[in-house]
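Here, residue 1 is the first one in the sequence, and each next residue gets the next number. What you see is a predicted model, and the numbers here were worked out from it, not measured in a lab.
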Amino acid sequence: PVINSLLRPNYLDNQELVNLAARLTALQVVKLEACRTWMGINGVDEQDLQPFVVPVDWAAGEIRRLRQQENYVDF
C-alpha cells in the first residue's frame, strides 16, 4: 500500500509524503525499493515509480541479500 502513495500518478494526493521520501532518500536516511513481482501483479509500470524508488526483482530475495551481504537488521 505504501508504494501506491509514491507512484507518479498519485503525486498530487501524496505530495507531502513523496517530497519527504525524496529528501530522506537524497540524504541517504532511507532506501526505497519496489518489488517487480508485486508491480507486475498490480499493473504498476517502472515508469510510474518516482525516480528515487529503485525496482528490485523479488522483495524476499532482496531482504535476504540486505541481511546477509549488507548486514541490515530488523528493528
Side-chain angles (χ1 to χ4, degrees):
V2 174
I3 198 67
N4 283 319
S5 301
L6 298 176
L7 297 178
R8 289 178 191 249
N10 300 330
Y11 176 72
L12 291 178
D13 293 333
N14 301 288
Q15 188 172 1
E16 188 175 336
L17 176 65
V18 172
N19 292 343
L20 175 61
R23 286 192 304 272
L24 292 174
T25 301
L27 294 170
Q28 298 181 342
V29 174
V30 298
K31 181 178 180 182
L32 299 171
E33 298 177 327
C35 176
R36 283 189 178 104
T37 302
W38 176 90
M39 291 168 56
I41 291 168
N42 290 280
V44 174
D45 189 83
E46 286 188 33
Q47 294 176 350
D48 293 333
L49 297 175
Q50 296 290 341
F52 56 85
V53 179
V54 178
V56 295
D57 290 330
W58 185 49
E62 178 66 0
I63 291 168
R64 188 177 311 112
R65 184 193 73 76
L66 290 170
R67 287 177 180 151
Q68 293 174 350
Q69 295 177 10
E70 305 289 332
N71 297 316
Y72 276 46
V73 295
D74 297 321
F75 64 92

List the residues meeting salt bridge (Lys or Arg N to Asp or Glu O under 4.0 Å) with Arg65, not counting sequence neighbours, and say none if there are none.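 Residues passing salt bridge (Lys or Arg N to Asp or Glu O under 4.0 Å) with Arg65: Glu62, Glu70.
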
Hydrophobic cluster membership, with links at side-chain heavy-atom distances under 4.5 Å among I/L/V/M/F/W/Y: are Val2 and Leu12 in one? no

If Ile, Leu, Val, Met, Phe, Trp and Tyr residues are connected whenever their side-chain heavy atoms lie under 4.5 Å apart, and connections chain through other members, are Leu49 and Leu24 in the same group?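 Hydrophobic grouping puts Leu49 with Leu24.
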
Contacts of Asn71 that satisfy side-chain contact (heavy atoms from CB on, under 4.5 Å) - sequence neighbours left out: none

Using the side-chain contact (heavy atoms from CB on, under 4.5 Å) criterion, which residues pair with Pro51? Sequence neighbours excluded.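 Scan of Pro51 (side-chain contact (heavy atoms from CB on, under 4.5 Å), adjacent residues dropped) gives Arg8.
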
Measure the CG-CG distance between Leu6 and Leu20 for me, rounded to the nearest 0.5 Å.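 Atom-to-atom, Leu6:CG and Leu20:CG are 10.0 Å apart.
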
Starting from Tyr72 and following side-chain heavy-atom contacts under 4.5 Å between hydrophobic residues (I, L, V, M, F, W, Y), which residues can be reached? Leu66

List the atom of Asp74, the atom of Arg67, and the distance in Å for their closest heavy-atom pair. OD2-NH2, 2.7 Å

What pairs meet the side-chain hydrogen bond (donor to acceptor under 3.5 Å, both in side chains) rule with one or both residues in residues 10-24, with sequence neighbours excluded? Tyr11-Gln15, Tyr11-Asn19

Ignoring hydrogens and angles, write down the donor-acceptor pairs under 3.5 Å from the side chains of residues 30-41, residues two or more places apart or on other chains.
from  : atom 1 : to    : atom 2 : distance (Å)
Lys31 : NZ     : Glu33 : OE2    : 3.4
Arg36 : NE     : Glu46 : OE2    : 2.6
Arg36 : NH1    : Asp57 : OD1    : 2.8
Arg36 : NH2    : Glu46 : OE2    : 3.4
Thr37 : OG1    : Asp57 : O      : 3.1

So, does Asn42 use its side chain to make a donor-acceptor pair with the main chain of Val44 at under 3.5 Å?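 Judged by distance alone, no pair lies under 3.5 Å.
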
